Every structure is written in C-alpha cells, then in structure tokens.
*Asks:* 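Sharing a structure here in structure tokens format.
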Amino acid sequence: QKEVEQNSGPLSVPEGAIASLNCTYSDRGSQSFFWYRQYSGKSPELIMSIYSNGDKEDGRFTAQLNKASQYVSLLIRDSQPSDSATYLCAVNMLLGGSNFGNEKLTFGTGTRLTIIP
Amino acid sequence: DTGVSQNPRHKITKRGQNVTFRCDPISEHNRLYWYRQTLGQGPEFLTYFQNEAQLEKSRLLSDRFSAERPKGSFSTLEIQRTEQGDSAMYLCASSLPGTTDTQYFGPGTRLTVL
C-alpha cells in the first residue's frame with residue numbers, strides 16, 4: 001500500500017462546476033496535510049493546509065479532513081481554466097516525542113485536473 | 001515567487017560528469033529540504049537540514065549524492081558520476097519550524113543526463 005494515494009486522473013470538469021480531488025493516507029500518526037498545485041514544468045505551489053478534522057475554506061478552495069477515515073479532499077468551486085494543473089496531496093507526520101513537523105513531506109502521485117471551457 | 005531560489009534552472013550533462021546545484025532558502029527559514037521529482041510522480045524526499053546540520057537522508061540518496069549547508073544559509077546538492085537515471089527535477093524547499101512546518105518550494109533545477 002502506498003503511503004499517500006491519489007487518483008491520477010485525468011479529471012475533467014466543466015468551467016464553473018465544482019472539482020473534487022481525493023487523497024487517502026496510510027499512517028494514522030499523520031498530523032499535517034497539504035494540497036499543492038503544480039503546472040506543467042513548474043514547481044509545486046502551496047494551495048491549502050489543514051491540521052484538524054473538518055472543513056477549511058480559502059476563497060474558492062475548501063479542504064476537508066477526516067482522520068478516522070484517513071482521508072483528505074480538496075474542493076474547487078467555480079472552476080476556471082487556470083485551475084487546470086496537477087494537484088498533489090502531501091502528508092507530514094509528527095515524530096514520536098517531537099513537537100515539530102516531520103523532516104519530510106510524503107506526496108501522492110498527483111491528480112491531473114482539466115477544466116473544460 | 002515563494003522566495004526560495006535555485007540555480008541553475010536547467011542543466012544538461014553527459015553521463016559520468018559531476019553536477020552541483022544551489023538552493024537559497026527564504027532568509028528566516030532554518031529548515032531546508034531537497035526532493036527529486038520524475039515525470040508522472042510526486043516529489044520524493046532526499047534529505048533535510050536544520051541550520052547546518054543534515055538530520056535525515058533518504059535511502060534514495062546513494063553515495064554519489066552529497067548535500068551541504070555549511071553556514072546554515074544556502075545549500076548545495078552534488079551528484080557525482082551522473083547516470084541517465086538521475087535525470088529529474090530537483091526541488092528545494094524551506095520552512096520555519098513550528099506546529100505547521102509548511103514547506104515552500106523553489107522553482108527547481110531540471111537535470112538531463114545524456
């Protein structure tokens with residue numbers, strides 16, 4: 001089982017609709033969760049971070065976390081063609097006895113999203 | 001622009017040559033990370049520094065790879081005797097330690113080994 005799993009897509013969504021991206025992770029000790037957007041040939045760009053169960057909204061983006069189900073999602077409302085990119089889910093785990101984040105992020109393979117005008 | 005810079009942005013080299021990449025993190029960030037990303041995959045962790053101390057290394061980091069951060073500011077990643085399998089995007093990220101430890105990525109260095 002991969003540590004962080006995402007549907008690779010491609011996921012096609014009409015412009016103006018809601019895009020829903022999903023991610024599951026294997027380590028129950030994981031504490032911090034991130035969504036990065038990556039355009040072709042570019043580096044990952046942070047979109048959202050979430051640390052506690054529930055929803056977190058930032059503009060058109062909503063991250064959802066369910067630690068019991070080991071599941072994190074990203075919703076993009078009013079999808080725009082500029083949202084077409086690969087979305088990477090990343091998980092950061094607290095080491096035992098540490099008060100800080102782990103030394104690394106573990107990434108999924110990413111979901112390629114295409115917004116159709 | 002996150003404030004993390006990497007040089008060079010592109011590097012083409014012949015198999016067997018040595019290459020060195022540089023990363024300058026966000027100035028107040030004392031944690032620095034190196035990742036490698038190949039086509040169709042997410043970034044994979046290579047190594048991590050807190051100040052000048054290298055605290056963790058992935059098993060992906062063979063003995064041909066070495067990373068330094070001599071004064072706790074910029075970092076270099078050297079690959080000796082490059083192989084075609086080393087062709088990838090090499091990403092640097094930095095963070096300020098705390099409960100969130102959010103990592104911000106530089107633009108990356110794309111390495112092509114011929």
Side-chain angles (χ1 to χ4, degrees), chain A residues 2-10 21 23-25 27 30-52 56 58 63 65 72 85-112, chain B residues 1-7 9-10 21 23 26 29-51 53-61 67 69 88-110 112:
Chain A
K2 291 183 179 178
E3 293 178 288
V4 179
E5 293 207 49
Q6 296 181 253
N7 187 328
S8 62
L21 304 163
C23 172
T24 57
Y25 59 94
D27 193 328
S30 300
Q31 297 286 334
S32 305
F33 307 86
F34 305 88
W35 285 98
Y36 287 84
R37 178 175 64 197
Q38 187 172 30
Y39 293 113
S40 180
K42 304 296 186 182
S43 65
E45 172 192 8
L46 181 69
I47 296 296
M48 291 285 289
S49 58
I50 188 165
Y51 311 101
S52 53
K56 178 182 178 183
D58 184 0
L65 175 61
V72 59
T86 295
Y87 289 80
L88 296 162
C89 173
V91 174
N92 188 329
M93 183 189 71
L94 280 177
L95 288 174
S98 171
N99 292 322
F100 303 107
N102 191 17
E103 294 83 3
K104 68 177 183 181
L105 291 173
T106 301
F107 285 84
T109 55
T111 297
R112 186 156 56 93
Chain B
D1 183 0
T2 61
V4 180
S5 61
Q6 291 187 247
N7 288 288
R9 297 289 302 275
H10 302 275
F21 310 140
C23 171
I26 295 169
H29 287 187
N30 62 353
R31 288 189 169 188
L32 186 148
Y33 311 79
W34 285 99
Y35 292 83
R36 180 173 68 186
Q37 186 176 24
T38 55
L39 197 62
Q41 300 298 313
E44 295 176 290
F45 171 80
L46 293 178
T47 190
Y48 141 74
F49 291 85
Q50 179 157 311
N51 299 312
Q54 188 174 18
L55 297 186
E56 188 171 343
K57 292 196 300 185
S58 164
R59 62 182 181 278
L60 293 175
L61 214 65
R69 195 182 182 197
M89 173 81 89
Y90 289 84
L91 295 162
C92 175
S94 70
S95 72
L96 198 57
T99 55
T100 63
D101 200 29
T102 301
Q103 295 182 27
Y104 296 92
F105 283 84
T109 295
R110 180 164 297 283
T112 302

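Keep in mind it's a predicted model, so treat the numbers as computed, not measured.
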*Asks:* Hey, could you give me the OG/CD distance between A:Ser49 and B:Gln103, rounded to the nearest 0.5 Å?
*Replies:*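 If we round to the nearest 0.5 Å, A:Ser49:OG and B:Gln103:CD are 12.0 Å apart.
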
*Asks:* Under a 4.5 Å heavy-atom cut-off, does chain A meet the side chain of B:Gln37, its backbone, both or neither?
*Replies:*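 For B:Gln37, side-chain heavy atoms alone lie under 4.5 Å from chain A.
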
*Asks:* Show the nearest heavy-atom pair for residues B:Phe45 and A:Lys104, with the distance to one decimal.
*Replies:*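 Heavy atoms only, the tightest pair is CD1-CB, 3.2 Å.
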
*Asks:* Using a 6.0 Å cut-off, check whether atom NZ of A:Lys56 has over 12 heavy atoms from anything other than its own residue.
*Replies:*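 It does: A:Lys56 NZ has more than 12 such atoms within range.
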
*Asks:* Looking at B:Gly42, B:Gly108, B:Gly40, B:Pro43, which makes the most heavy-atom pairs under 4.5 Å with chain A?
*Replies:*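 Looking at each of B:Gly42, B:Gly108, B:Gly40, B:Pro43 in turn, B:Pro43 comes out on top.
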
*Asks:* List the residues meeting ring pair (Phe, Tyr, Trp, His ring centres under 6.0 Å) with B:Tyr104, not counting sequence neighbours, and say none if there are none.
*Replies:*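 B:Tyr104 satisfies ring pair (Phe, Tyr, Trp, His ring centres under 6.0 Å) with no residue once adjacent residues are dropped.
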
*Asks:* Looking at every non-hydrogen atom in both residues, tell me the closest pair between B:Tyr35 and A:Leu105 and how far apart they are.
*Replies:*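 Answer, listing the atom of B:Tyr35 first, then A:Leu105: OH-N, 2.9 Å.
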
*Asks:* Is A:Gln38 close to chain B through its backbone or its side chain, or both, or neither, when contacts mean heavy atoms under 4.5 Å?
*Replies:*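 For A:Gln38, the side chain is the part near chain B, not the backbone.
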
